[in-house]
Amino acid sequence: LEICAAINGNFTQLSVNSNGTSNNVFQFAPGICYHKEAFSIHAFFNPTIGKDQSYFLPDIEAAYRILPSLLTISAGWQGLLNQNTYEELSTENPYLFNTYNVRQTHSNEVFADAKSNIGNHFTISGRFSWWQYDALPVFVNGDYSRKQFNVVYDEKLNATSLKLAIRYQVNNTFAVGLNSAWYSFSNGNQDHPWHIPGVRVKGDLFFKPIQNLTISAYVTVLDEIYAVGTNGYGTKLNGILDIGGTVEYNFIPRLSGFVQVTNLLNNKNERWMGYDAYGFNIYAGIRFKF
């Protein structure tokens, strides 16, 4: 049995035209960890002071490894507090209106998951979760003349999610994997969680046939994305399918050349309403590492 404690802090200050606003998080995290044979548990009880109020953010998980198999099952409860800084949200959506009311998002996840190694190269995992979000930021598109998005907070939104991942890897020469997540949202005060995908799938491939040659590829699928239509009602955007890849060759340890392809199928992908992604792209370059 181990007893431990930590102090965490994240302090952010935004100043606009001499007006400043703070967006801070301060947390005290005491907890215990216990491990015996195939069973382990950790439990942290984290009183946290946020921007406008205080929270209790638990981090509790119990796991059991079923012997002699390589299957591990676990369940837990995790609370999180996200600051929703300008950097965070503008990285997610680069078309945000330049001011919005900064609020922090409190979430609770109750989950059960399973992980397994099959042989020396194959891993598979799954996770089923129930979520509760307080003040989740969603992105409401403006009219087509402005083409900027407003941040609106869904005061209390529930969701269930199923995440599956599978991966096969052979040392540093070959790897292929697939990660997927399906979300079902309910009880929000918005008609839909605007511009938050309900389906997310990402596949990747890595292959190194010879020492200096690297080949990689990806496929991305996003779906169940809703926006505000021109009639003021919710409308579902078309699903997104993006396929691409890169070939890179190292001439010497610090110098390489590459060719990269994106949107191989030349799809009209619209992640944010009013902004179509570029069509088929191919470009090449030289990369030098200092």
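Position 1 is the first residue of the sequence, and the numbers go up from there.
By the 30° and 60° cut-offs, the orientation of the rings of Tyr275 relative to Phe149 is tilted. Under the 30°/60° scheme for interplanar angles, the aromatic rings of Phe122 and Tyr168 are found to be tilted.
Side-chain N or O atoms of Asn84 include none that pairs as donor or acceptor with a backbone N or O of Val102 at under 3.5 Å. A donor-acceptor pair under 3.5 Å links the side-chain atoms of Asn281 to the main chain of Gly279, judged by distance alone. Using modelled atom types, no side-chain atom of Asn212 and backbone atom of Tyr249 make a donor-acceptor pair closer than 3.5 Å. Judged purely by atom type and a 3.5 angstrom limit, His192 has no side-chain atom pairing as donor or acceptor with the backbone of Tyr226. Between the side chain of Tyr86 and the backbone N or O of Tyr100, at least one donor-acceptor pair lies under 3.5 Å. Put simply, the side chain of Asn269 never gets that close to the backbone of Ile240: no donor and acceptor are under 3.5 Å apart. Asn108 places no side-chain N or O within donor-acceptor distance of the main-chain N or O of Gln132, the cut-off being under 3.5 Å. Counting only distance, with no hydrogens or angles, the side chain of Asp113 and the backbone of Ser125 share no donor-acceptor pair below 3.5 Å. In terms of modelled atom types and a separation under 3.5 Å, the side chain of Tyr153 and the main chain of Asn101 share a donor-acceptor contact. The main-chain N or O of Val228 is found under 3.5 Å from a side-chain atom of Asn141 such that the two form a donor-acceptor pair.
Nearest approach of Phe44 to Ala29, heavy atoms of both residues: CD2-O, 4.0 Å. Minimum interatomic distance between Ile225 and His195 (heavy atoms only, all atoms of both residues): CG2-CA, 3.8 Å. Taking both residues in full, the closest heavy atoms of Pro193 and Leu157 are given as CB-CD2, 4.2 Å, listed atom of the first, atom of the second, then distance. Counting all heavy atoms, side chain and backbone alike, Ala227 lies closest to Leu237 at CB-CD2, 4.2 Å. Ala135 and Gln104 get closest at one heavy-atom pair: CB-O, 3.8 Å. Shown here for Pro137 and Ile196, the closest heavy-atom pair between the two residues is O-CD1, 3.9 Å.
Checking Tyr133, Phe56, Tyr55 one by one against His106, the ring-ring contact (aromatic ring centres under 6.0 Å, His included) holds for a single residue, Tyr55.
Rounded to the nearest 0.5 angstrom, Leu264 CG and Tyr218 OH are separated by 8.5 Å. The CG atom of Asn117 lies 6.0 Å from the OG1 atom of Thr123; values are rounded to the nearest 0.5 Å. Note: Thr72 OG1 to Lys115 NZ = 8.0 Å, rounded to the nearest 0.5 Å. The structure places CD of Glu248 at 8.5 Å from OG of Ser216, a figure rounded to the nearest 0.5 Å.
Under the side-chain hydrogen bond (donor to acceptor under 3.5 Å, both in side chains) criterion, the residue pairs touching residues 198-211 are Arg167-Asp204, with sequence neighbours excluded.
Applying the side chain to side chain contact (heavy atoms under 4.5 Å, CB included) rule to Thr85 yields the partners Thr12, Asn23, Gln83, Glu87, Glu88; only residues at least two apart in sequence or on another chain are considered.
There is no side-chain donor-acceptor pair under 3.5 Å between Trp131 and Ser107.
Under the 4.5 Å side-chain heavy-atom criterion for Ile, Leu, Val, Met, Phe, Trp and Tyr, Leu205 and Val259 are members of the same hydrophobic cluster.
In the displayed structure, Ile3 atom CD1 is contacted under 6.0 Å by at most 12 heavy atoms of other residues, nucleotides or ligands. Within 6.0 Å of atom CZ in Phe251, more than 12 heavy atoms from other residues, nucleotides or ligands are found, so the atom counts as buried in its surroundings.
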